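Let me begin by presenting the structure, written as structure tokens, before commenting on it.
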Amino acid sequence: MGLQVLSVWTLLLFLPLSDAASYDDFSFPIDHLLIHNYTRLTEIKKHCNPFISSASELESDDNWASRLKNELSFFNGDWEQDSYGAPLMPFDDSDMSHATSSFISPWKIVSFEVKNVSSTSSHHPKNTISISGVLSIGITRNSTVISEPFLKFHKKPGMSALRVDFEGFYLETEGGKNLVCLLGNSTFPFKKVPTRYESDDMTSYYNLRNPYNEDHVILPHDKIFLVLKYPKTSPFSIKQIHGEMKSLNKKDDFEYFDNVHITSHLGIFSSNSEDLISESESFDQNPLQDAMVEDGVNKFNNSEFCKILKSFEHKAYRVMPNLKLGGQNGFQDKVGPFLLGNEIQLVDRNNENLRILMQNIICKEEKVSGVLRMYPASMDPHLAARRTGLSSLTLSVKGTWNPSTGLLSMTGCLGPTLVKCDTGVLLYFPKSFSIKQRNVVFGSIYGLKSQTGFYHPVFFGLEMLSPGLYEDGWYSNAYLSYNYSKSDLAIEFQERIQEPWLLNYIRKSLFWYPTLEEEKDGIFHLLNDLRIDTFSSSETFVRVEVLSFGGSFRTNDNHFYEAPKNEVFNISMNLYIVENPRKVKEESYQHVSKLYLEGLYDQSVGKMYLIGCRKVSYDHVDLERGLDCLIEVGIEYSCVNTRWLINPTAKITIRSQRNEEDNYHFKTIRLQTFMIHDKKHEKNVIFRKLFEGYLRVFLLLVFNAHILNKMRKMRKSIEPFAYISLTMLGLWIIGYGINLINGKEIMFISSETQYYKNQPYDHQSYKRYLSIIDYLTRFLVLVSMFLMAKISHIVLKARKALKSQDESTPSEKKILMMTLGFYMCYLLLIMVEHGIWIYLNPLQGESTKDYYVKLMMDLLRYHVYMLQDYFMVPQIIALYVWKNHPRDQRSFINGLWIPSLVLFVYEIVRDPVDYPIIAHDIVL
């Protein structure tokens with residue numbers, strides 16, 4: 001099965017071209033041919049005169065150039081445009097269908113980088129400094145890579161990027177604002193003039209051009225005016241940037257575009273801790289109170305708190321479902337204080353498409369400030385963390401950590417203006433995990449009581465999705481414990497489905513299962529054995545990860561606390577089911593796509609008895625903290641001591657304990673996985689190789705011993721052996737002769753998937769033994785061929801003796817023709833079967849006539865190599881045709897049939913050697 005993995009961006013392609021922007025910032029690389037000669041300063045003075053006239057005197061500074069390059073440049077800001085019918089640039093959205101459920105809205109991004117600063121120019125006005133820079137502005141869908149850096153406009157499906165080269169003045173106004181006033185030039189970004197300008201006055205221009213030319217219109221586009229304002233002082237100590245870019249062309253000109261509004265910030269500055277917050281905010285409500293009582297709270301000292309809070313910066317916090325939203329199919333255009341817009345369309349009550357991250361955190365003692373940013377889950381968190389724009393999806397927050405209560409209380413201001421400061425934000429760090437609480441950090445955003453605007457509190461949390469998450473699990477081991485709150489229910493579940501005593505005894509006596517071994521890293525190996533990370537079908541991927549075992553959390557290293565030496569252990573896990581978006585062959589498992597599990601693992605029978613909880617979309621009378629926990633999950637692992645023969649798999653059963661009339665009831669789900677992880681996989685493969693070698697030797701010894709025994713009896717009387725088919729003996733000799741000549745494996749072919757054949761294990765240390773066994777096998781086959789030839793001679797003598805006694809002799813011609821007819825019909829059926837499969841599953845890029853002919857020839861060649869497998873067919877036909885079955889003949893045939901039957905059963909029981917599917921790139 002082909003597994004497609006997520007591709008990696010080729011971000012390093014243009015890295016050497018830029019020395020200021022990070023490789024993942026949205027920015028055109030440096031153009032070394034750009035000359036900063038400030039030839040338009042006179043024109044710029046005219047347009048910037050209102051600002052220049054109010055400019056204050058600049059302080060003397062010998063370091064203007066480096067300081068302004070650092071303070072005025074920004075990356076990954078936001079921009080919006082007035083909608084009056086004149087867009088700034090085109091955007092090709094053919095990279096994604098609007099009908100798909102995974103539609104990702106594009107986002108508008110802008111960066112500005114100062115390239116040159118000159119305070120010596122004779123043309124710049126008093127109290128100003130001449131600067132030049134590059135504005136990179138675009139529309140993109142989850143990518144910042146500009147793959148055509150030397151063009152002023154770059155467009156591909158899912159991304160448009162326009163470069164504008166600016167020059168102008170830096171000045172400081174008496175109102176306490178730093179400001180740049182610039183005039184720029186670029187290229188006209190449309191391939192055609194917009195429809196509103198397709199008039200007669202453009203005819204002369206188009207007559208000079210090829211109407212089928214797909215190049216962009218190359219026109220001087222030099223009347224672009226930009227003003228960026230940098231306040232010296234700002235609430236929350238955030239260096240905000242507000243700007244406006246507009247066209248100086250007339251509205252009737254085709255180069256005109258509607259005004260563009262730019263927002264960004266340069267982070268948060270602080271010279272000392274007193275700059276952040278002067279006093280603690282008071283909060284008269286706490287939506288988290290009940291949860292804090294249930295989970296317990298970690299009460300860090302100030303230094304611990306700042307270290308931990310910074311370690312969780314830029315992590316993706318999940319937004320909890322809005323269970324208070326009316327109706328089962330309710331949608332919302334506002335989530336708490338956040339106003340959804342272009343980037344995030346309407347979302348349903350589940351809020352699955354929403355994430356929140358904290359960025360620009362400043363933590364000094366107990367004082368904290370930063371920015372909360374809401375973004376779509378489809379966006380890469382790393383890219384979201386690099387964004388600097390302030391919008392209706394950002395909250396600028398400041399507050400105080402209280403080490404005695406373990407609560408961080410902050411006040412938030414929405415959007416770029418920071419005027420609407422009516423939002424309270426609370427965060428705490430749970431002390432314990434449970435099936436109902438899987439967050440490292442949990443918080444709430446709500447409206448302060450003193451304000452009139454009302455909305456239901458928004459709960460969000462940093463969920464521990466994988467074991468050992470966040471710096472190899474140092475936090476979970478140091479500050480968290482697990483509270484098994486469903487153990488009693490798990491015990492009841494185990495007792496209810498327990499197998500009969502005798503069957504359970506046989507299972508424990510004959511089979512072994514993943515067990516905690518008494519070695520140094522026994523728990524580590526056991527938890528890897530219990531991990532499931534594979535497919536259950538071509539359309540469904542299943543992942544089961546152990547979160548805690550006994551009283552300790554799992555980490556990414558080998559360190560664990562010692563576990564008790566019991567047969568049954570407490571265990572907690574996360575289960576994920578990821579489905580193909582275009583799934584058609586199976587029912588959907590979307591309603592159980594993520595389950596929190598805890599319960600028991602009985603290592604003596606390899607079974608788990610788990611209680612599960614899932615998030616739901618609307619309120620219900622018996623929910624537990626918004627979760628449906630009336631779910632039972634059973635996981636059964638295949639035994640360890642047969643994994644050399646049968647690939648390890650797991651069976652998963654998910655049942656709802658609700659009545660069928662309940663809205664949250666669902667049908668029982670049963671999943672059988674593909675091959676799962678096995679730490680002894682290589683040893684098992686080597687064991688099978690050796691076993692199959694010895695099996696070949698053993699079966700050939702049985703065949704040869706049986707033939708020699710019958711040849712001894714033939715010395716007394718040969719007449720009964722006249723009814724042995726010469727065609728059968730011939731198939732044996734010819735079939736194994738072909739195998740010996742072509743160097744093929746004898747008796748049966750090792751069963752291996754193509755996935756394994758492409759990169760098999762190196763059996764170097766065992767090659768000597770395997771070679772000896774192979775030579776012995778081939779020698780025994782030669783002996784059997786010689787003995788079959790001797791039997792053929794005896795059969796001919798027996799038939800000659802019958803003929804001398806005037807008795808009828810068996811006719812071999814009829815047997816040969818019927819055997820040939822059977823073999824040809826069998827080959828035809830096989831080819832038809834494969835042809836139908838190929839027709840129903842067409843191969844991409846390989847649908848040529850020669851390719852299909854090659855497939856059929858390979859199939860024919862394979863069955864020719866397996867000719868000896870059908871050596872019993874002629875004798876079976878002879879039994880019905882000749883109607884004569886002497887006892888000695890039957891015993892001879894049975895002696896050949898029984899080993900062949902053993903071989904047939906073995907080939908049916910064994911699985912092909914394979915590797916577990918590695919699927920770490922599946923996005924959850």
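When reading the values below, keep in mind they use all heavy atoms of this one structure, side chains included, and skip hydrogens, waters and symmetry mates. Nothing here was measured: the structure is a model prediction, and the numbers come from that model.
Sorted by first then second residue, the ring-ring contact (aromatic ring centres under 6.0 Å, His included) pairs that include residues 794-824, not counting sequence neighbours, are Y823-Y870.
A search for salt bridge (Lys or Arg N to Asp or Glu O under 4.0 Å) contacts involving R507 returns E499, E636, not counting sequence neighbours.
Contact detail for S638 and P514: the closest heavy-atom pair is O-CD, 4.2 Å. Across every non-hydrogen atom of P648 and D678, the tightest pair is CG-CB, 3.9 Å.
When atom types are taken as modelled, the side chain of H706 and the backbone of F892 share a donor-acceptor pair closer than 3.5 angstrom. The main-chain N or O of V546 is never found under 3.5 Å from a side-chain atom of R531 such that the two would form a donor-acceptor pair. Here the side chain of S537 pairs a donor or acceptor atom with the backbone of T540 at under 3.5 angstrom. Not a single donor-acceptor pair under 3.5 Å links the side chain of N709 to the backbone N or O of A705. Side-chain atoms of Q875 never come within 3.5 Å of backbone atoms of M728 as a donor-acceptor pair (strictly under, hydrogens ignored). Side-chain N or O atoms of T515 include one that pairs as donor or acceptor with a backbone N or O of Y513 at under 3.5 Å.
The aromatic rings of F535 and F674 sit tilted relative to each other, their planes meeting at an angle between 30° and 60°. Using cut-offs of 30° and 60° for the angle between ring planes, the W644 and F687 rings count as perpendicular. Using a 30° and 60° split on the angle between ring planes, Y755 and Y915 fall in the perpendicular class, above 60°.
The structure places CZ of R655 at 10.5 Å from CZ of F666, a figure rounded to the nearest 0.5 Å.
Side-chain contact between T649 and Q672: present, with at least one pair of heavy atoms (C-beta onward) separated by less than 4.5 Å. With contacts defined as side-chain heavy-atom distances shorter than 4.5 Å, the pair I577/L671 qualifies. Using a 4.5 Å cut-off on side-chain heavy atoms (C-beta onward), P916 and T534 make no contact. By the 4.5 Å heavy-atom criterion applied to side chains, V902 and V702 are not counted as neighbours. Looking only at side-chain heavy atoms (C-beta outward), L600 and F493 stay at 4.5 Å or farther from each other.
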Enumerate donor-acceptor pairs with a distance under 3.5 Å from any side-chain N or O in residues 746-753 to protein atoms, sequence neighbours excluded.
from, atom 1, to, atom 2, distance (Å)
S750, OG, E692, OE1, 3.4
S750, OG, E745, OE2, 2.7
E752, OE2, K689, NZ, 3.3
T753, OG1, Y756, N, 3.2
T753, OG1, V913, O, 3.3
T753, OG1, D914, OD1, 3.0

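A salt bridge between E587 and K667 is absent, with no side-chain N of the basic residue lying under 4.0 Å from a carboxylate O of the acidic one.
Checked against the 6.0 Å centroid threshold, Y766 and Y761 do not count as a close aromatic pair.
Applying the side-chain contact (heavy atoms from CB on, under 4.5 Å) test between S784 and each of F703, W732, F779 identifies W732 as the sole match.
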